[in-house]
There are 2 protein chains.
Amino acid sequence: MTASPHTSRAVTLEQPSLAAACEAIADGLEREALVTVFGRCTVDYEGRAASTLDAGDRHVMLKPDGAALVHTHEGQQPVNWQPPGCDHDVACTDETLLLESRRSTPDERLSVRFQQVLQVSAFSGTDTNELALEGTEEDLRQRILDEPALLEDGFTPLATERDTPAGAVDIYGEDASGRAVVVELKRRRVGPDAVSQLRRYVDALERDLHADAAVRGLLVAPSVTDRADRLLADHGLEFVALEPTAE
Amino acid sequence: MTASPHTSRAVTLEQPSLAAACEAIADGLEREALVTVFGRCTVDYEGRAASTLDAGDRHVMLKPDGAALVHTHEGQQPVNWQPPGCDHDVACTDETLLLESRRSTPDERLSVRFQQVLQVSAFSGTDTNELALEGTEEDLRQRILDEPALLEDGFTPLATERDTPAGAVDIYGEDASGRAVVVELKRRRVGPDAVSQLRRYVDALERDLHADAAVRGLLVAPSVTDRADRLLADHGLEFVALEPTAE
DNA sequence: CGGTTAATATCGAGA
DNA sequence: TCTCGATGTTAACCG
């Protein structure tokens with residue numbers, strides 16, 4: 001058997017009646033397809049916060065994993081959304097088509113009411129491959145472990161993810177003179193928050209070790225803001241400029 | 001004149017040839033429509049980092065403001081994307097349809113290569129309305145300014161966004177005995193990072209004021225994690241439980 | 001533009 | 001489930 005409407009990977013209705021749209025959406029959700037609806041709608045959200053959006057033309061995407069996205073013609077981010085794990089429902093009256101995506105923990109609900117549907121689509125398909133990403137903080141860590149002298153001559157890594165009462169330290173090691181060093185990694189330019197984070201780790205480790213000599217704190221990132229640089233000095237912390245990848 | 005293919009708010013091609021898809025996409029971009037393409041493709045990104053994604057069925061959205069989104073059947077987030085401000089381009093060979101979205105500052109490029117296109121759509125429409133959101137940190141601030149006693153009897157707000165060397169303080173004020181108080185607001189349950197942030201502000205303000213008496217630090221949020229609670233005690237900071245909205 | 005912080009952040013790992 | 005920290009975070013606001 002070749003492609004029939006129900007095995008085809010893309011099914012589309014243009015300018016359907018609300019009833020026809022409702023049936024197509026229900027069918028798509030049933031088949032665990034990725035369903036899109038474009039038309040004039042209002043949107044309400046209630047949960048961790050609450051929001052309303054008056055009528056306009058928007059693109060709604062319902063994913064089989066329970067995610068829901070409402071996109072306008074502008075912006076990278078959806079104007080409203082719901083995370084994976086929600087239950088999608090569709091219902092229809094004479095004048096309105098209602099899409100709802102709900103979940104509990106936390107209890108929240110997204111409601112999209114269509115006055116007019118211009119297009120409904122249901123997409124099936126296969127996608128077994130995963131994204132391969134490079135230039136991450138993990139790449140930066142590996143680069144330093146491969147060549148510790150990038151930080152300073154004589155630096156020796158002793159542990160990664162070393163646990164402290166304040167959380168896990170990215171790299172823990174010692175310098176040429178045997179002093180303990182806490183290293184905090186950031187893949188991009190850092191602000192004051194990263195300095196605070198490093199200071200927390202240094203404090204926690206000093207208590208843990210009952211160190212006689214103060215523990216050194218090393219912030220490693222491509223660059224640092226002025227304010228963060230001053231904070232580093234105030235807190236007796238150090239900075240080393242280094243990128244996640246060699247070039 | 002009523003709806004012709006070029007004035008209609010939604011135009012769709014199903015299972016087009018790559019050449020036909022290319023033409024429809026170019027036309028949609030030209031008309032500043034929201035363009036979607038579903039089909040089998042590979043995706044490459046190069047810019048702040050770099051990524052590759054092998055062939056699979058995905059949904060690509062090109063927005064007239066320059067944003068680009070590549071969605072799989074799973075996840076709330078696009079697997080690849082490009083922010084608003086990019087230039088979208090489409091080109092076609094015998095075997096491949098290439099979508100590219102580029103920008104500078106930073107220089108980055110997203111490339112989507114389709115081997116097969118199952119659907120192309122171009123959506124026009126109007127959406128003049130904006131999202132009305134409540135339950136934000138700003139709502140929490142307004143709630144306290146309206147009724148300072150929610151924090152404690154005798155508290156008097158003196159400034160919002162008061163600048164310090166460590167950044168802007170949410171609310172600065174004084175207590176019943178005239179002691180300086182720094183208030184940090186969070187709309188949801190807080191962890192150790194918020195405690196560090198507040199500690200930074202208190203330190204900065206004590207230096208600024210050359211205060212004889214220590215400045216008080218008040219963290220205001222719906223609740224606090226155990227670890228953050230211990231950090232608060234360690235740093236001599238206080239906590240007040242309060243939600244962004246009354247109910 | 002950069003600097004800083006909020007967000008219905010999202011997402012994933014670990015306890 | 002909660003907690004915690006990374007993210008090509010994104011987005012808004014301010015100087």
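Order of the sequence lines sets the chain letters (A, B, ...), proteins ahead of strands, with each chain counted from 1. None of the values given here were measured: they were computed from a predicted structure. The figures that follow rest on heavy atoms only: side chains count, while hydrogens, waters and symmetry mates do not.
B:E184 comes within 4.0 angstrom of sugar-phosphate atoms only, judged by non-hydrogen atoms across all strands, and of no base.
Across D:dG8 and D:dC4, the matching P atoms stand 23 Å from one another, rounded to whole Å. Of the P atoms belonging to C:dT4 and C:dT8, the separation is 23 Å, rounded to the nearest Å. Separating the C1' atom of D:dT9 from that of D:dG5 is a span of 12 Å, rounded to the nearest Å. Using atom P as the reference point in both D:dT7 and C:dA7, the two lie 22 Å apart (nearest Å).
Side chains of A:S196 and B:R200: a donor on one and an acceptor on the other come within 3.5 Å. Side-chain atoms of B:Q82 and B:K63 form no donor-acceptor pair, as typed in the model, at a separation below 3.5 Å. With 3.5 Å as the limit, one finds no donor-acceptor pair spanning the side chains of A:D87 and A:S101. Counted by atom type alone, A:E100 and A:S111 present one or more donor-acceptor pairs between their side chains at under 3.5 Å. For A:S51 and A:N80, the side-chain atoms include at least one donor-acceptor pair closer than 3.5 Å.
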Show the numbers, then the answer: is there a side chain to side chain donor-acceptor pair (under 3.5 Å) between B:Y201 and B:E184? CA-CA 9 Å; B:Y201 294 150; B:E184 174 63 25; 4.6 Å; no

Applying side chain to side chain donor-acceptor pair (under 3.5 Å) to B:T42 and B:R113, what does each step give before you reach the verdict? CA-CA 5 Å; B:T42 61; B:R113 290 178 181 80; 5.0 Å; no

Verify salt bridge (Lys or Arg N to Asp or Glu O under 4.0 Å) between B:R143 and B:E137, making sure each step is shown before the conclusion. CA-CA 10 Å; B:R143 197 178 172 205; B:E137 183 175 292; over 6 Å; no

Carefully, step by step, assess B:R199 and B:D203 under the rule salt bridge (Lys or Arg N to Asp or Glu O under 4.0 Å). CA-CA 6 Å; B:R199 186 64 235 177; B:D203 286 343; 2.6 Å; yes

With side chain to side chain donor-acceptor pair (under 3.5 Å) as the test, would you mind laying out the steps for B:R58 and B:T72 before giving the verdict? CA-CA 5 Å; B:R58 285 140 205 154; B:T72 69; over 6 Å; no

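We find the CZ-OG1 distance between A:F123 and A:T36 to be 4.5 Å, quoted to the nearest 0.5 Å.
Counting 5' to 3', DNA chain D first comes under 4.0 angstrom of a heavy atom of chain B and last does so at the ends given by D:dT3 to D:dT10.
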Using a 4.0 Å heavy-atom cut-off, write out nucleotides 8-15 of chain C from 5' to 3' as B (base contacted by protein), S (sugar-phosphate only) or - (no contact). BSSS----

Quick test: give all pairs of protein nitrogen or oxygen and nucleotides 1-4 of chain C nitrogen or oxygen below 3.5 Å, distance rounded to 0.1 Å.
unit_1 : atom_1 : unit_2 : atom_2 : d
C:dG3  : OP1    : A:R189 : NH2    : 2.6
C:dG3  : OP2    : A:R189 : NE     : 2.6
C:dG3  : OP2    : A:R189 : NH2    : 2.9
C:dT4  : OP1    : A:R227 : NE     : 3.3
C:dT4  : OP2    : A:T225 : OG1    : 2.7

